[in-house]
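Each ligand, and each atom within it, is numbered from 1 in the order the structure gives.
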Amino acid sequence: MKTLLVIDSSARSNRSTTRALTHRFAEAWKGRFGDSAVIHRDLGANPPPAIDDAWIASAFGPPNGETPAALSRSETFISELFQADVIVIGAPMYNFGMPAALKAYFDQIVRVGRTFDFAEDPENPYKPLIPAKPVVVVTSKGSGEYEAGGMLESLNFLEPHLATILGFIGLGNIAYAKVAREEYKDELWQQMVREAETTVDRLAADLAIS
Ligand SMILES: Cc1cc2nc3c(=O)[nH]c(=O)nc-3n(C[C@H](O)[C@H](O)[C@H](O)COP(=O)(O)O)c2cc1C
């Protein structure tokens, strides 16, 4: 059995393009490996709290062998990342970047000594601590023109920010399924949805056997 971790961050429970696509992936996975092969972390329904003083003091304090209470949520999230063989992230664009709930999640899981560490090499001062594994990032945007050469390219902080954080902790093997123009719901949008569905189906099949 291969374990899939699905992370949803759309605040919409219905009518969500990213949820429809991550759900499609999860259903294909369950069809192959069974329901227990999928862990669902729903950040849209249950946004993690912002990290606070106690969290930072614990995360950067000397380890004493026990997990401080302030880090228990972080530990749960991190163990899911280690347990997963494949990770699927649903990430809508909110105000040109990722939803606050997803950023709060990353603040919880990017931790020195757990998901990254400092390295001696001055050329490369950080080393990731999560073993490499495939990540599928599903994005949806209201407008178009965010791709390379598009009118809004310079305003797209979604995929670049996600790729930077994921790569930093060892999850740089990323495939994308992207939809844009969701607010138009026109022919072009429908075509993008169909292409994203095809991409999801292909990735779910390929990653189940690789
Ligand atoms: C709070 C909020 C902020 C948004 N900001 C942007 C934006 O900056 N640029 C954009 O193109 N679309 C923006 N949108 C549109 C969403 O990206 C689009 O509706 C997307 O499909 C949402 O993902 P979902 O369908 O999975 O919920 C925003 C939507 C919401 C609800």
Nearest protein heavy atom to [atom], by residue and atom, and its distance?
| atom | value |
| --- | --- |
| atom 8 (O) of ligand 1 | Phe96 N, 2.9 Å |
| atom 2 (C) of ligand 1 | Tyr94 CD2, 3.5 Å |
| atom 17 (O) of ligand 1 | Met93 O, 2.7 Å |
| atom 9 (N) of ligand 1 | Tyr146 OH, 3.0 Å |
| atom 22 (C) of ligand 1 | Pro92 CB, 3.5 Å |
| atom 5 (N) of ligand 1 | Asn95 N, 2.9 Å |
| atom 21 (O) of ligand 1 | Ser140 OG, 2.7 Å |
| atom 27 (O) of ligand 1 | Ser10 OG, 2.7 Å |

Provide the number and element of each atom of ligand 1 under 4.0 Å from a heavy atom of [X].
| X | value |
| --- | --- |
| Thr18 | 24 (P), 26 (O) |
| Ser143 | 10 (C), 11 (O) |
| Glu182 | 18 (C), 19 (O), 21 (O) |

Just distance, no hydrogens or angles: give the donor-acceptor pairs under 3.5 Å from side chains in residues 200-210, sequence neighbours left out.
residue, atom, partner, partner atom, Å
Asp201, OD1, Arg24, NE, 2.9
Asp201, OD2, Arg24, NH2, 2.8
Ser210, OG, Asp206, O, 3.4

Legend entry - For Phe77, the option from Tyr105, Phe82, Phe106 that meets ring pair (Phe, Tyr, Trp, His ring centres under 6.0 Å): Tyr105
Inset, instruction - With the side chain counted from C-beta on, respond yes when Val179 and Lys141 share a heavy-atom pair under 4.5 Å apart, and no when they do not. - result: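 Val179 vs Lys141: side chains apart.
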Legend entry - Flag side-chain contact, heavy atom, 4.5 Å: Arg41 against Leu5: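 Yes, their side chains come closer than 4.5 Å.
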Considering both backbone and side-chain atoms of [X], is one of its nitrogen or oxygen atoms within less than 3.5 Å of a nitrogen or oxygen in ligand 1?
| X | result |
| --- | --- |
| Gly142 | yes |
| Arg19 | no |
| Thr17 | yes |

Legend entry - SB check Arg111 Asp117 (cutoff 4.0 Å): no
Legend entry - Ionic contact status for Glu195 with Lys178, cut-off 4.0 Å: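 Judged by the 4.0 Å cut-off on N to carboxylate O distance, Lys178 and Glu195 do not form a salt bridge.
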Inset, instruction - Output all residues satisfying ring pair (Phe, Tyr, Trp, His ring centres under 6.0 Å) with Tyr146, sequence neighbours left out; order by chain, then residue number. - result: none
Inset, instruction - Tell me yes or no: between the side chains of Glu153 and Asn156, is some donor less than 3.5 Å from an acceptor? - result: no
Legend entry - Ring-ring centroid check Phe157 Phe96, cutoff 6.0 Å: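 Distance test on ring centres: not under 6.0 Å, no.
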